Novice: 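To start, I am sharing the structure in question, which I have written as structure tokens.
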Amino acid sequence: MFADNWKISLRQIRRLLILDLFGMSSLMLPRIFSSMKGADGIFCLFLGGAGGMALLWLMGANLKRIEKDYYHYMKNTAGEFLGDVFMAFYFLYFVTLSGYVLYQLTTLVLSWLLPDGSWLGVSLLLLLLGVYGSIQGIEGRARVYEIIFWFLGIPLLIMLFFAAGDVNPSYWTPIVASHGSSLLEGSVAVLIFLLPITALLFLIPYCRAPKKMAACAKSSLFVVIFVNLVIYLILLGIFGTNTMGVLSRPVITLMGMIKLPGGFFTRQDVLMTAVWFFALFALLNTGIFQGTLLIKELLQRPQNRWCVWATAVLVFFIAKGFFEHSFLEDVFQRYQIWVALPGMFLILLILLAAHKVRTGKRVREGGSS
């Protein structure tokens, strides 16, 4: 029996984080790694994962110091002005991310599920579903995704198992033959796809055991890196770097090529698209939910309904911009590399330093009195 107390368990948080991180990374990283020689993408996964662990360490160090929620912690630690600046930064990140995810999700649906559909109709329907999920709250989302998590994960693992038999290990060579710049770019790309894990900072009021969230996120990160590693090696061993670089979504193409025993499904690629559909939709929900919370706090609005619709409108027009102007993808990529990525680390470092200074000042004042 579920309790309607607006609290979710660590297990539910783990499921949500895995879905949030897995969808975009598994769709796009193989093509990014195709520019490298051999299986050098594995080093990018390890280095990017190490960067994700460093980010998690900074998050954990701050989580230990948060008494009420992340909003008040930022304001009380860095001051009202910087606290608002930081919240505006997070709002921009989650709203632009949601717009990009909506664009990718709509493109996925039109490519694999509804080839004759309308971009406007599909994107609006997906956005309305995302708004509905956000209005229902994080507890409702956690319940739904906890139920479907294994219904998506088990078929994926089965398909990867059968695909592994067609792998040609010679495609994995040479090793450590790529330029350092390529390895750096790939590692940064991995880390960028792990940035949605910062949503964890805002879940303190909704978690039953907030002090253990960082450890929970660590296990989620390991799972995502490992599954991406398996998918990458299988794709590389079947397609090779040249073919993998041409395919827009190599992993979904692979799903349509796997021959299952008995031939029960002739279009399993369509069925397996549901894995990435729900993973991307989970990330869309997370972005809208976070954006709503942030704009509510920034504008001091007591109700969520107005804020969620304002966030949804921004998300729609950002997605529409990606659809109509292809150069915006390059702009978004540069924003992720030069603004979002360093900003995530810098904010957490500033908060730790400011908290240490304030704590030291209180100790000195207490000693002098």
Side-chain angles (χ1 to χ4, degrees), residues 1-27 29 49 52-53 55-56 59-60 63 70 94 97-98 101 104-105 108 126 129-130 132-160 190 193-231 251 271-293:
M1 193 75 176
F2 289 108
D4 293 318
N5 56 6
W6 293 90
K7 297 287 185 179
I8 59 177
S9 66
L10 292 173
R11 184 185 67 253
Q12 291 172 322
I13 288 178
R14 187 178 296 110
R15 303 285 192 267
L16 287 172
L17 287 177
I18 290 174
L19 288 171
D20 285 349
L21 301 179
F22 169 75
M24 289 291 290
S25 60
S26 58
L27 273 181
L29 282 177
M53 291 298 297
L55 181 63
L56 269 179
M59 290 169 57
L63 284 169
Y70 191 48
F94 282 110
L97 176 66
S98 298
V101 172
Q104 290 289 344
L105 182 57
L108 178 70
L126 292 172
L129 290 172
Y132 176 76
S134 297
I135 290 175
Q136 294 304 306
I138 192 170
E139 189 182 18
R141 287 171 48 222
R143 292 177 184 177
V144 171
Y145 282 105
E146 187 177 23
I147 293 172
I148 69 172
F149 180 82
W150 290 112
F151 286 95
L152 300 177
I154 291 176
L156 175 62
L157 294 176
I158 292 173
M159 298 293 279
L160 292 176
V190 173
F193 286 117
L194 298 178
L195 288 183
I197 206 168
T198 53
L200 193 74
L201 293 164
F202 301 90
L203 295 184
I204 290 177
Y206 306 99
C207 182
R208 296 171 188 164
K211 300 300 181 183
K212 299 180 180 179
M213 286 197 303
C216 169
K218 186 184 299 184
S219 63
S220 302
L221 190 147
F222 280 136
V223 169
V224 171
I225 293 296
F226 176 75
V227 175
N228 270 294
L229 176 64
V230 172
I231 289 175
V251 67
L271 296 175
M272 293 304 297
T273 301
V275 174
W276 285 272
F277 174 86
F278 282 108
L280 290 179
F281 188 74
L283 183 55
L284 175 64
N285 262 168
T286 295
I288 295 175
F289 183 78
Q290 297 296 137
T292 300
L293 293 179

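Computed from a predicted model, the values in this text were never measured in an experiment. All residue numbers refer to positions in the sequence shown, counting from 1.
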Novice: List the atom of A142, the atom of L16, and the distance in Å for their closest heavy-atom pair.
Specialist: CB-CD1, 4.2 Å
Novice: Could you give me the CA-CA distance, side-chain angles and deciding distance for Y145 and Q12, then say whether side-chain contact (heavy atoms from CB on, under 4.5 Å) is met?
Specialist: CA-CA 8 Å; Y145 282 105; Q12 291 172 322; over 6 Å; no
Novice: Can you find a pair of side-chain heavy atoms, one from L19 and one from L283, that are under 4.5 Å apart?
Specialist: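 L19 vs L283: side chains apart.
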Novice: Do you know the tightest heavy-atom contact between S220 and R14?
Specialist: OG-CG, 3.1 Å
Novice: Using the side chain to side chain donor-acceptor pair (under 3.5 Å) criterion, which residues pair with R15? Sequence neighbours excluded.
Specialist: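 If we apply the side chain to side chain donor-acceptor pair (under 3.5 Å) test to R15, skipping adjacent residues, there are no hits.
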Novice: Got M213 and I204 here, is their nearest side-chain heavy-atom distance under 4.5 Å?
Specialist: yes
Novice: Distance from R208 atom CZ to I8 atom CD1, nearest 0.5 Å?
Specialist: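 Separation between the atoms: 8.5 Å.
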Novice: With a 6.0 Å cut-off on the ring centroids, do F278 and F149 count as close?
Specialist: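 Centroid separation for F278 and F149: 6.0 Å or greater.
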Novice: Taking all atoms of both residues into account, what is the closest heavy-atom pair of L200 and A217, and its distance?
Specialist: CD2-CB, 3.6 Å
Novice: Between E146 and R143, is there a donor-acceptor pair closer than 3.5 Å when you use the side chain of the first and the backbone of the second?
Specialist: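 Such a contact is absent between E146 side chain and R143 backbone.
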Novice: Given side chains that start at C-beta, do those of F277 and L126 come closer than 4.5 Å, heavy atoms only?
Specialist: yes
Novice: Which atom pair, heavy atoms only, marks the closest approach of G60 to A214?
Specialist: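 Scanning both residues completely, I find the closest heavy atoms to be CA-CB, 3.9 Å.
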Novice: Side-chain contact test, heavy atoms from C-beta onward, threshold under 4.5 Å: evaluate it for F22 versus F193 and give yes or no.
Specialist: no
Novice: How long is the straight-line distance from OG1 of T292 back to CD1 of I135, given to the nearest 0.5 Å?
Specialist: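 Rounded to the nearest 0.5 Å, the CD1-OG1 separation comes out at 8.5 Å.
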Novice: Name each donor-acceptor pair under 3.5 Å that joins a side chain in residues 221-230 to protein atoms two or more places apart or in another chain, with its distance.
Specialist:
residue, atom, partner, partner atom, Å
N228, OD1, S26, N, 3.3
N228, ND2, S25, OG, 3.1
N228, ND2, V224, O, 3.0

Novice: Got a second to check how far K212's NZ is from L63's CG, nearest 0.5 Å?
Specialist: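 Going from NZ on K212 over to CG on L63, the span is 14.5 Å.
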Novice: To the nearest 0.5 Å, what is the distance between CZ on R11 and CD1 on I13?
Specialist: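 It comes to 11.0 Å.
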Novice: OG of S134 to CZ of R141: how many Å apart, nearest 0.5 Å?
Specialist: 6.0 Å
Novice: In the structure I gave you, are the side-chain heavy atoms of L284 and L129 within less than 4.5 Å of one another anywhere?
Specialist: no
Novice: Does the pair M159 and V251 meet the rule for a side-chain contact (heavy atoms from CB on, under 4.5 Å), with working shown?
Specialist: CA-CA 11 Å; M159 298 293 279; V251 67; over 6 Å; no
Novice: Considering the options L97, V101, T286, which one meets the side chain to side chain contact (heavy atoms under 4.5 Å, CB included) requirement together with P196?
Specialist: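 Result: among L97, V101, T286, L97 is the only option passing the side chain to side chain contact (heavy atoms under 4.5 Å, CB included) with P196.
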Novice: Do the side chains of W276 and L152 get nearer than 4.5 Å, heavy atoms only?
Specialist: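 No - every pair of side-chain heavy atoms lies 4.5 Å or more apart.
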Novice: Between CG of L10 and SG of C207, what distance do you get to the nearest 0.5 Å?
Specialist: 4.5 Å
Novice: Any side-chain heavy atom of L27 within less than 4.5 Å of one from Q104?
Specialist: no
Novice: One pair to check against side-chain contact (heavy atoms from CB on, under 4.5 Å): L280 and L108. What are the steps and the verdict?
Specialist: CA-CA 10 Å; L280 290 179; L108 178 70; 4.0 Å; yes
Novice: Mind running side-chain contact (heavy atoms from CB on, under 4.5 Å) on L293 and Y206 for me, showing each step along the way?
Specialist: CA-CA 12 Å; L293 293 179; Y206 306 99; 3.4 Å; yes
Novice: State, with a plain yes or no, whether a side-chain heavy atom of L201 is found less than 4.5 Å away from one of M59.
Specialist: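 Side chain of L201 against side chain of M59, heavy atoms only: contact under 4.5 Å found.
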Novice: Of all the heavy-atom pairs spanning G287 and S98, show the shortest one and how long it is.
Specialist: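 Shortest heavy-atom contact: CA-OG, 3.0 Å.
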Novice: Going by the rule ring pair (Phe, Tyr, Trp, His ring centres under 6.0 Å), which residues pair with Y70 if we only count those two or more places apart in sequence or in a different chain?
Specialist: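 Once residues adjacent in sequence are excluded, the partners of Y70 under the ring pair (Phe, Tyr, Trp, His ring centres under 6.0 Å) criterion are Y90, F202.
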Novice: Is a side-chain donor or acceptor of N285 paired with a backbone partner of G130 at a separation under 3.5 angstrom?
Specialist: yes
